[in-house]
Amino acid sequence: MSTVLLGTAALAVVFAANPDRIDSPNGYMTFSRAFTKPQTQAASHSAALPLFLLAGGLVVRLVLAQFTFLNPDEVLHYLLSAEPSLALAYKASLTTAHPPLLIVFLHYWRWLGHSEFVLRLPSVLAGTAFCWIVFLWLRRATDRTTALIGLALLSFSPSLISLSAENRQYSLLMFFCGLSLCFLERAIEENSPGMMLLTSLSLYLALLTHYSSFIFALMLGIYALVRVRRSKAQARVVVAWIVGQLGALGLCAFLYVGHISGLKSRGLPGEIADTWLRASIFHSGQDHVATFCVRNTVRLFRYFFSHGTVGVVGLVLFVLGIVSLLRNRISPQDLRYPTSRQMALLLGLPFLITFSAALAGLYPYGGTRHDALLAGFAMAGVSIGLIRLKVSKKWLTPTAVTGALLICNLFPSPTPPFILPKNQNRKLMNEATKFLRGSAPQGSVFFTDYQGALVLSYYLCPGRLVPFLQPQQSFLKSDCGAYQVVTFTGTIWSFDAALFPNTLREMQQTYGLSDAMVWLFQAGWINENEDKWVAELKQCGCHEPRNFGPNILICQM
């Protein structure tokens, strides 16, 4: 992560050397000035800074994508896409809690290769492009310094770096949502039905990528309604917007009938809400609304910054930014441009909608990647709040941003479950699979949970070991070259430490196995209370567990 250090250090140096801001009289630029007016000479001298920050963020993501092994979720997405035909890949995608776009895209993308780097490259590019889109939007909406701070925060946020270097939906989701918002602003500013059409097309792609886009679609619809009404847009632009909204409603209905209803009938949302996302869903009778709001908002900002203290500071700055926008009563004379209060609505409404969905038990709100969509709005608000402080020494702001990013990257403490990059090094996985091949005699049985079976499917075995749908039986036995794998499917993802002795005993009785033949394999998000888990394993005969980092465990029972 040396690029992080270099990039953030350079941020402080260049900001301190070029502290100029391009402000409108009320402290916020109209959306057109940044593109139509020449910048000051000092600003032009540092024109390369945004590209440098963007390049630094891109390099960090590329390095992480190249040198870390796939986590179980990433492997699952690859296996879903590796079906023989597009129809089968689409059908397989319906077994997951996500829309089908990424799986369909990977079905063709994997023809270029299926290494970790190749599978993650689209996410890396989309995540980097999202940072640039937010920068351009902030530069048009506020001023250059605010936009640079936003670009730095997004480019070097540990959680966003991690998501952008994973074979998952979140980077594509943020990219499409960012495009949709930018096209909307241009459609209203330029009175362009074509831009409004692009707004809708980008929104459709977001809806087909991840279901948190439903929150974005609702927010964008409310924001667009306010903007279109005030701007007195031409009739053809309004018609294009209405047609686009009807198309989005139709697509949401299609996804609900064709996918979401099936997930609900299987009880998957309830299982998720009662397991690893329990803390992010409001439980009536157990949680208090105010406590839930404060606690989970703090957890959310801790997730964005991967650090508790910096996250709290970021939350305070975000609130300050929203308040400063609400207090600014000066509106641009040109009705096509948003007012400060409209910007406050844009930044705050996604949080309010997500929080309301959590209260209704419909969607998680808190320190989880499922709320990654809120990161762009959060960092924009933090940037505005930081600038509104109006410190006397202009070098203090870039120094504070640099210091905060250094702390977040050098001493990360994200909300669990997580795997630190150093513990996800590909060398650890290579050593683990080499150890298995060299230590376990042919005919041995690898006993694993669902996430471990996914990892073995990619790194050790010639094919997929488990079905995509949760099977009725508690154990599945599969061939893995010269070995066999027994997967415990009685829980949704991993072993239950309290039930493990009975689980092991039942497995051995089912297949008539002796301890000498059984090797335990775990990889991914291993039990958070690791000491108790290892003690439990030793009680079950795992006397010499071998750890390849904290997130890979092997032992002979």
Side-chain angles (χ1 to χ4, degrees), residues 30-36 54 99-102 104-105 122-123 125-141 147 150 154 169-255 334-338 342-343 345-347 349-350 373 375-377 380:
T30 63
F31 273 91
S32 62
R33 282 189 59 190
F35 285 161
T36 59
L54 189 72
L101 183 60
L102 176 65
V104 171
F105 173 79
S123 184
L125 298 177
T128 306
F130 167 71
C131 299
W132 187 249
I133 290 171
V134 175
F135 165 74
L136 294 179
W137 171 74
L138 269 176
R139 191 175 67 173
R140 300 178 75 180
L154 291 169
Q169 292 87 357
Y170 301 100
S171 291
L172 290 173
L173 164 73
M174 292 186 287
F175 172 69
F176 290 136
C177 289
L179 280 181
S180 185
L181 177 59
C182 285
F183 284 138
L184 173 67
E185 296 293 357
R186 289 195 59 186
I188 297 175
E189 177 185 325
E190 301 170 10
N191 264 318
S192 171
M195 287 295 171
M196 193 63 77
L197 174 62
L198 291 176
T199 298
S200 299
L201 291 177
S202 301
L203 177 61
Y204 300 162
L205 291 172
L207 290 170
L208 289 168
T209 301
H210 194 273
Y211 284 126
S212 63
S213 58
F214 281 36
I215 295 171
F216 177 80
L218 177 58
M219 179 278 301
L220 192 69
I222 296 173
Y223 175 71
L225 183 62
V226 173
R227 293 276 286 112
V228 168
R229 181 180 178 183
R230 181 182 184 276
S231 67
K232 303 184 185 303
Q234 295 179 2
R236 55 180 186 163
V237 176
V238 177
V239 170
W241 175 70
I242 293 175
V243 171
Q245 292 297 293
L246 292 175
L249 286 173
L251 182 55
C252 291
F254 168 77
L255 290 170
D334 195 329
L335 298 180
R336 295 176 301 169
Y337 304 132
Q342 288 174 346
M343 283 191 62
L345 175 70
L346 174 64
L347 298 182
L349 191 57
L373 174 63
F377 303 103

So which heavy atom on Ala206 is nearest to which on Ser213, and how close?
-> O-OG, 3.1 Å
Taking side chain to side chain contact (heavy atoms under 4.5 Å, CB included) as the test, write out the residues that go with Thr209, two or more places apart.
-> Leu101, Gln169, Leu172, Leu173, Phe176
Look up atom OG in Ser180 and atom CD1 in Ile133, then write down how far apart they are to the nearest 0.5 Å.
-> 10.5 Å
Minimum heavy-atom distance Val238-Ala233, with the two atoms named | CG2-O, 4.0 Å
Got a sec, which residues hit ring pair (Phe, Tyr, Trp, His ring centres under 6.0 Å) with Phe216, two or more places apart in sequence or on another chain?
-> none
Has the side chain of Tyr204 got a donor or acceptor atom that lies under 3.5 Å from a matching backbone atom of Gly244?
-> yes
Distance (rounded to the nearest 0.5 Å) between Met196 CE and Glu190 CD | 11.0 Å
What distance do Leu349 atom CG and Leu218 atom CG have between them, rounded to the nearest 0.5 Å?
-> 6.5 Å
Trp132 versus Thr128: any side-chain heavy-atom pair under 4.5 Å?
-> no
To the nearest 0.5 Å, tell me how far Cys182 SG sits from Glu189 CD.
-> 11.0 Å
Working to the nearest 0.5 Å, report the span between CD1 of Ile222 and CG of Leu346.
-> 11.5 Å
Shortest non-hydrogen pair, Met219 vs Phe377, comes out as CE-CZ, 3.6 Å
Determine, stepwise, if the pair Tyr223 / Glu185 fulfils side-chain hydrogen bond (donor to acceptor under 3.5 Å, both in side chains).
-> CA-CA 10 Å; Tyr223 175 71; Glu185 296 293 357; 2.5 Å; yes
Might you point out which heavy atoms bring Tyr337 and Gln342 nearest each other, and give the distance in Å?
-> O-OE1, 4.3 Å
Roughly how far, to the nearest 0.5 Å, is the CG atom of Leu203 from the CG atom of Leu184?
-> 10.0 Å
Looking only at non-hydrogen atoms, find the nearest pair between Pro99 and Leu207 and report the distance.
-> CG-O, 3.4 Å
Between Val104 and Leu208, is a side-chain contact (heavy atoms from CB on, under 4.5 Å) present by the stated rule, with each step listed?
-> CA-CA 10 Å; Val104 171; Leu208 289 168; over 6 Å; no
Does some side-chain heavy atom of Leu255 sit less than 4.5 Å from a side-chain heavy atom of Tyr211?
-> yes
Closest heavy-atom pair, Arg236 versus Asn191, reported as atoms and distance to 0.1 Å, is NH2-O, 3.8 Å
side-chain contact (heavy atoms from CB on, under 4.5 Å) between Thr199 and Leu220, worked out | CA-CA 10 Å; Thr199 298; Leu220 192 69; 4.2 Å; yes
Going by heavy atoms in the side chains, are Cys177 and Leu373 under 4.5 Å from each other?
-> yes
